[in-house]
Amino acid sequence: MSRDTPADREESNTQSESGTDDDHDDIDYLDREVNLLRPSTPFMRDHLKIIWSSFLLWALVVFGPVTLTALAPEMMTVQTPLFGFPLHYFLVSFGAPTGALILAVVYTRYRDRLDQKYGIDSESVENTAPEAGEPAATDGGVEQ
């Protein structure tokens, strides 16, 4: 596997700046180094933007009510008129799981758009799972 060099990064930067959608066909993604802080291909950069923004929204949804309860307990401990629970309880018990589900749907939609942009077809991936009647390899798949 080749190392990701500054020349490789410069090459992928010039390819992504040219503006055509087919430039990614020339990049061998499997030979590129994966680095979360310095992604080497346009696809990796775009995907990491989605991941990091989703992570920040998730942290806000999950830890926001708890932090607000610590900072403003008089506001967050008020009874909700609909169910009679304190506001912080309602936000944590209902808002956090609902927010996580909504974020999962949003991530899926953005990832599908990204896959479409770079020509990745999930339907064309062949199924490598063993058939129902086929025995599983007990030797770790090593041929003898």
Side-chain angles (χ1 to χ4, degrees), residues 1-132 134 136-142:
M1 182 185 293
S2 67
R3 301 292 291 170
D4 183 34
T5 63
D8 290 337
R9 262 191 222 103
E10 185 63 34
E11 175 186 329
S12 70
N13 285 340
T14 57
Q15 287 178 351
S16 64
E17 292 170 359
S18 65
T20 63
D21 288 338
D22 294 329
D23 287 339
H24 63 85
D25 292 336
D26 299 332
I27 300 172
D28 187 8
Y29 290 101
L30 296 177
D31 285 339
R32 294 299 180 109
E33 180 180 324
V34 176
N35 184 342
L36 292 178
L37 300 176
R38 294 190 64 178
S40 60
T41 63
F43 174 79
M44 289 180 196
R45 283 190 287 275
D46 291 346
H47 190 215
L48 280 177
K49 286 178 191 174
I50 295 170
I51 290 174
W52 284 114
S53 55
S54 298
F55 174 73
L56 290 174
L57 287 173
W58 171 82
L60 182 67
V61 165
V62 171
F63 296 112
V66 176
T67 306
L68 280 175
T69 303
L71 296 176
E74 58 279 345
M75 179 185 76
M76 294 298 287
T77 55
V78 173
Q79 301 292 323
T80 57
L82 186 59
F83 297 112
F85 292 111
L87 182 59
H88 72 283
Y89 178 81
F90 179 74
L91 289 176
V92 171
S93 65
F94 180 74
T98 304
L101 288 173
I102 291 170
L103 279 173
V105 170
V106 169
Y107 170 78
T108 303
R109 291 188 186 257
Y110 275 109
R111 178 59 197 259
D112 286 344
R113 285 186 197 147
L114 185 65
D115 288 349
Q116 185 178 20
K117 175 182 176 183
Y118 287 98
I120 299 171
D121 184 19
S122 61
E123 300 297 324
S124 67
V125 176
E126 63 184 56
N127 187 5
T128 58
E131 296 295 325
E134 188 177 321
T138 59
D139 60 354
V142 179

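Any value given below was found using the heavy atoms of this structure, including those in side chains, with hydrogens, waters and symmetry copies removed.
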Nearest 0.5 angstrom please: [X] [atom1] to [Y] [atom2], how far?
{"X": "Phe43", "Y": "Leu48", "atom1": "CZ", "atom2": "CG", "answer": "9.5 Å"}
{"X": "Thr80", "Y": "Leu91", "atom1": "OG1", "atom2": "CG", "answer": "9.0 Å"}
{"X": "Arg45", "Y": "Lys49", "atom1": "CZ", "atom2": "NZ", "answer": "8.0 Å"}
{"X": "Thr69", "Y": "Glu74", "atom1": "OG1", "atom2": "CD", "answer": "10.5 Å"}

**Message:** Can you confirm whether more than 12 heavy atoms, excluding those of Gln116, are under 6.0 Å from its CD atom?
**Reply:**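 No, CD of Gln116 has 12 or fewer neighbouring heavy atoms, counting only those of other groups under 6.0 Å.
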**Asked** Which pairs, with at least one residue in residues 81-110 and sequence neighbours excluded, count as a side chain to side chain donor-acceptor pair (under 3.5 Å)?
**Response**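 Of all non-adjacent pairs touching residues 81-110, those that pass side chain to side chain donor-acceptor pair (under 3.5 Å) are His47-Tyr107.
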**Prompt:** Of all heavy-atom pairs between Asp46 and Tyr118, which one has the smallest distance, and what is that distance?
**Reply:**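 Residues Asp46 and Tyr118, closest heavy atoms: OD2-OH, 2.6 Å.
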**Request:** Taking all heavy atoms of Pro39 and all of Met44, pick out the closest pair and write down the distance.
**Result:**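 Smallest interatomic distance, heavy atoms only, reads CB-CB, 3.6 Å.
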**Message:** Going by salt bridge (charged side-chain N to carboxylate O under 4.0 Å, His left out), name the residues that satisfy it together with Asp115, two or more places apart in sequence or in a different chain.
**Reply:**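 Residues passing salt bridge (charged side-chain N to carboxylate O under 4.0 Å, His left out) with Asp115: Arg111.
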